[in-house]
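Next up is a structure, given as structure tokens.
Just so you know, these numbers come straight off a predicted model, no measurement behind them. Order of the sequence lines fixes the chain letters, A, B, ..., with proteins taken first and strands second; residue numbering starts at 1 for each chain.
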Amino acid sequence: MQYWLMKSEPDEVSIDDVMASKDQTTPWFGVRNYQARNFMRDQMQVGDGVLFYHSSCPEPGIAGLAEIVSAPYSDASQFDAKGKYYDPKATQEQPRWISIDVKGTQKTRLLSLAEMRTIPALEEMTVLQKGSRLSITPVTPAQWKAVVKLLK
DNA sequence: GCCAACGTTGGC
DNA sequence: GCCAACGTTGGC
């Protein structure tokens, strides 16, 4: 059992979108970074906890809680020649990118990036480090606990 | 829109 | 395998 922070642009998929979808579950597709892919492929397990983070928006921050509800599977968007996630080097036989399904468990108040930076227990969070851009980052159990407490 | 930081590409 | 050029991310 591990914990993760996953970034999503609310213009694309917000916590509201996730909570409104069937079974509150949505496929996480479009990851095009190897490090993030490898986390999904090699480490994520069904039941892992997810901090749902809104990025590239007026108020970036954690907007909800979610969990991993599927094993990794081939990301269909890599084969869509007209889509923005198309990868000409990916083949059906050798897919390069994967998806997993994420289930929203709770929309929370917004724990803004600015507030997160004031919390000593979150100081070491990867997402708060200078230059951190990864869309999926591991969260320690202590960090998870601290965030959940702040969101109650 | 700016720009720092980081990732990827491709020539050599 | 090096590294310059280019592209992307994402906060501000």
Query raised in the report: side-chain contact (heavy atoms from CB on, under 4.5 Å) with A:Leu5: which of A:Ile136, A:Thr126, A:Ile62?
Result: A:Ile62
Report task. Produce a footprint string for nucleotides 6-12 of chain C: one letter per nucleotide, 5' end first; B if the base is under 4.0 Å from any protein heavy atom, S if only the sugar-phosphate is, - if neither. Result -> -BBBBSS
Report task. State plainly whether the residues A:Asp42 and A:Arg37 are in salt-bridge range, i.e. N to O under 4.0 Å. Result -> no
Query raised in the report: Could you give the distance from CG (A:Leu111) to CG (A:Leu51), rounded to the nearest 0.5 Å?
Result: 9.0 Å
Requested in this report: Could you label the plane-to-plane angle of the A:Phe39 and A:Trp4 rings as parallel, tilted or perpendicular, counting under 30° as parallel and over 60° as perpendicular?
Outcome: tilted
**Report entry** Audit row: A:Phe52, A:Trp28, ring pair (Phe, Tyr, Trp, His ring centres under 6.0 Å) steps and yes/no
**Finding:** CA-CA 12 Å; A:Phe52 195 100; A:Trp28 206 271; 5.7 Å; yes
